[in-house]
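Reading through the structure tokens given below for one structure.
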Amino acid sequence: MTTRGKIVLGALLVALLYFGINKVVSSGLIFKKAATESVLLNSIELPAANGGSRSNVVVPLAPLPSTTPAEKGTPVVWEVMAWNSQMAGMLANGGPRTTQGSSMAAGGLDMQIVRQDDVAKMQADLVKNALDLQQNPETPGLLVSIMGDGLPAFSAVQTQLEKAGTSLQIIPYSVGKSFGEDKLMGPKEWLDNPKGALGKTIACYLRDGDQNIALKWCADNGLKVNPDETTYDPEAVNFLAASDFLVAAEKYIIGKPEQRVKVVNGKNTGVKVDVVADAVATWTPGDVNIARQKGGLVNIVSTKDYSNQMPNIMVTTKRWYDAHPKEVEALMTAFAVAGDQVKSHPEALSRAADISAQVYGDKDKPGAYWLRYYKGVSEADRNGEVVELGGSKAFNFADNLALFGLNEGGTNIYAAVYKTFGDVQSRLYPRELPSYVPLTQMLDLTPLKKLQDKYRGKTLAPAEQQRFAADDEIRQSVSKRAWNIEFNTGQSSFTPAAERQLQQLFNDLVVAGRLKVAVHGHTDNVGDPQRNQQLSEDRALAVEHWLEQRSRSAFPEGRVQVYAHGAQEPVAPNATPEGKAKNRRVEIVLGN
């Protein structure tokens, strides 16, 4: 045989071997096709070709999980509140109990999802689980979902866990976040005049994320708050304690008065007054109940504005976490796969809503109800006033890299959220929360970094990014607050003491990730007016540059705008040093 003939014959043999092996493999005779093949993490890769005619498709639609329980795998329990941010977790599990074909089953986990709206019960369950694990390591682990801004208060359980020989541990992955669902609902006039809230009362579950929305709105608008739910301060925003977010809504709907002792300037007057709920901090279905049963309240501010405030954070015990590294990775992988499906495919989202309805167990709320308010809607309330209800987002893998600051040039957004609300709650409730556990003691990003390294270089479905038009000014302000950031005399450079104020400002603005930021510079009247005008602009620009250099991801192009006013808008007489100090200020306006 000639050399040319040998080459041709060799090529034919190679081709036959290649196609033959592929045919045998695809026939399933050697390798049985896995029922869960679509749920591996590599399904978060972008497809090579277009995914279809729908513009929102970024990953192929995987087969939906069956409804048959898998009944095998490492057992684990997940306690959740009725909260739409968990849609990706619901699909990952396939049902209240892990089902065949689900991404959770593919990871070798057998999860039972249980509704629990009582935070105190969640804490108690976690302590009991720690003790059970101590006695029997085969005890199913317990995961608890809480609002990200509520974790500092929740971390009060650390003392009890330490008595049980362990501590609190975060699963470094979030399945989603509230995006409008959690809110402060109040009288419409508060939108134009936040000071109208002074002397009024907000019903809420104290030391919870919903109250945090109200507290941050008060802080951003310079409104004093009365943390004592047993007294009434006519010069502050007051709170009415509720046992959960639904009861808070009910207190407004029923309108039953509560008797309080009136305090003025921190002194008990001995006068008793009746107060009712003028506003409510709540979430779905609390907001829906208000709109349908009474009406009269609109959204004052919500997690659509403070868009980074409420990622769904899961915690467990360090005892279970350390003993189950494979399960932790499998858990995160399952959530990542399901997150892409829920974000990209209406079929997957609809299925997740049906599972949510099963888990939450409200007979009058089928999957269509949870689906409707996951998306967020505008409805007319009982009085005909249009109000926004619901609103959530599911997270994928890239969203989590952004949340925990592992994307290029990123900022640990969650660290800013945790510190902001930990400081607020600790300051308002020093007796109940004298301190809170440092995030670094509970958050171990190693598993997330491991997955990041595993898939580095592959194309991932992108994280959702907030974009701002540079020439789009704020039309509806949410808040306005003056900051006394210290500058060197007559210059636009910061003093060393300014660092603390800038850091607090940074955290506050990171929480309000969806809002535009207007930085207004002001001076006192000392010196040349033109020079003051330039100085106020330079100082406002200095603040803008500091923020943008600190984090390009949190302060993308177009988010921050600068305005200079010189000495034209004093807030105090310039006749005294104190007045001049008040006039040398930077005002921050947040809005849409």
Side-chain angles (χ1 to χ4, degrees), residues 65 67 69 77-99 111-122 125 143-147 150 175-183 185 203-205 208-210 242-254 280-295 297 302-303 310 312 314 338 342 348-379 381-382 387-394:
T67 57
V77 177
W78 183 20
E79 283 191 359
V80 300
M81 296 181 181
W83 190 16
N84 265 330
S85 69
Q86 295 151 161
M87 287 290 185
M90 296 297 168
L91 184 70
N93 210 42
R97 174 95 180 264
T98 299
T99 66
M111 173 182 281
Q112 183 176 4
I113 310 179
V114 179
R115 177 175 177 174
Q116 178 54 264
D117 292 332
D118 187 332
V119 174
K121 185 70 168 55
M122 284 179 163
D125 289 347
L143 312 178
V144 169
S145 264
I146 54 179
M147 299 172 180
V175 291
K177 70 176 180 180
S178 172
F179 189 68
E181 180 173 357
D182 298 79
K183 64 197 63 172
M185 302 180 76
C204 65
Y205 182 61
D208 185 64
D210 293 323
S243 57
D244 66 40
F245 70 104
L246 291 171
V247 175
E250 192 174 300
K251 281 181 178 279
Y252 167 74
I253 294 167
I254 295 175
V280 183
T282 187
W283 81 83
T284 307
D287 58 347
V288 179
N289 293 347
I290 288 171
R292 292 182 177 177
Q293 296 179 32
K294 186 172 182 178
L297 301 182
S302 76
T303 47
M310 287 190 191
N312 189 314
M314 282 169 280
V342 167
L349 176 58
S350 179
R351 178 63 187 282
D354 288 340
I355 299 169
S356 297
Q358 287 181 268
V359 171
Y360 301 152
D362 290 342
K363 293 181 180 178
D364 61 335
K365 297 179 179 61
Y369 174 93
W370 297 106
L371 178 61
R372 176 176 176 79
Y373 294 112
Y374 169 88
K375 296 177 179 176
V377 295
S378 295
E379 288 184 352
D381 70 7
R382 195 175 175 86
V387 60
E388 292 185 13
L389 304 173
S392 297
K393 287 186 179 293

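Along the sequence shown, the residues carry numbers beginning at 1.
Looking at Lys375 and Leu349, their side chains come closer than 4.5 Å, going by heavy atoms from C-beta outward. The shortest side-chain heavy-atom distance between Val77 and Met111 does not fall under the 4.5 Å cut-off. Counting heavy atoms from C-beta outward, Pro285 and Tyr369 have side chains that approach closer than 4.5 Å. Considering only heavy atoms from C-beta on, Glu388 stays 4.5 Å or farther from Met185 through its side chain. Side chains of Ser356 and Met87 form a contact here, defined as non-hydrogen atoms less than 4.5 Å apart. A heavy-atom distance below 4.5 Å is not found between the side chains of Lys121 and Glu79. Using a 4.5 Å heavy-atom cutoff, the side chains of Arg372 and Val377 are in contact.
The minimum heavy-atom distance between Gly390 and Thr284, with the atom names listed, is CA-OG1, 3.4 Å. A pairwise comparison of heavy atoms in Ala88 and Ala338 identifies O-CB, 3.2 Å as the closest pair. Contact record, Gly286 with Ala249: O-CB, 3.5 Å, taken as the closest heavy-atom pair. When every heavy atom of Thr282 is checked against every heavy atom of Phe245, the shortest pair comes out as OG1-O, 2.9 Å. The minimum heavy-atom distance linking Leu91 with Arg351 is given by the pair CD1-CG, 3.9 Å. The two atoms that bring Ile113 and Gly89 nearest to each other are CD1-O, 4.4 Å, heavy atoms only.
Here the rule is side chain to side chain contact (heavy atoms under 4.5 Å, CB included) with Tyr205, and of Leu246, Val119, Asp210 only Val119 fits it.
Going from atom CE of Met310 over to atom CG of Asp182 covers 4.0 Å, rounded to the nearest 0.5 Å. Once rounded to the nearest 0.5 Å, the distance linking OH of Tyr373 with CG of Asp287 reads 8.0 Å. The distance from the CZ atom of Arg97 to the CD atom of Gln358 is 14.0 Å, given to the nearest 0.5 Å. Going from atom CH2 of Trp283 over to atom SG of Cys204 covers 11.5 Å, rounded to the nearest 0.5 Å. Rounded to the nearest 0.5 Å, atoms CD1 (Ile290) and NZ (Lys183) are 9.0 Å apart. Separating the CE atom in Met81 from the CD atom in Gln116 is a distance of 8.0 Å, to the nearest 0.5 Å.
In this model, no donor atom of one side chain and acceptor atom of the other lie less than 3.5 Å apart for Glu250 and Asn289. The closest side-chain donor-acceptor pair between Tyr252 and Gln293, if any, does not fall under 3.5 angstrom. In summary, the side chains of Asn84 and Ser392 do not present any donor paired with an acceptor at a separation below 3.5 Å, with no hydrogens or angles considered. Between the side chains of Ser145 and Trp78, at least one donor-acceptor pair of N or O atoms lies under 3.5 Å.
The salt bridge (Lys or Arg N to Asp or Glu O under 4.0 Å) search around Asp117 returns Arg115, not counting sequence neighbours.
Under a 4.0 Å N-O distance rule, the pair Lys393/Glu181 does not qualify as a salt bridge.
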Worked check of side chain to side chain contact (heavy atoms under 4.5 Å, CB included) between Asn93 and Thr99: CA-CA 6 Å; Asn93 210 42; Thr99 66; over 6 Å; no
Checking Tyr360 against Gln86 for the side-chain hydrogen bond (donor to acceptor under 3.5 Å, both in side chains) test, could you report, in this order, the C-alpha distance in whole Å, the side-chain angles of both residues, the deciding distance, and whether it holds? CA-CA 11 Å; Tyr360 301 152; Gln86 295 151 161; 2.9 Å; yes
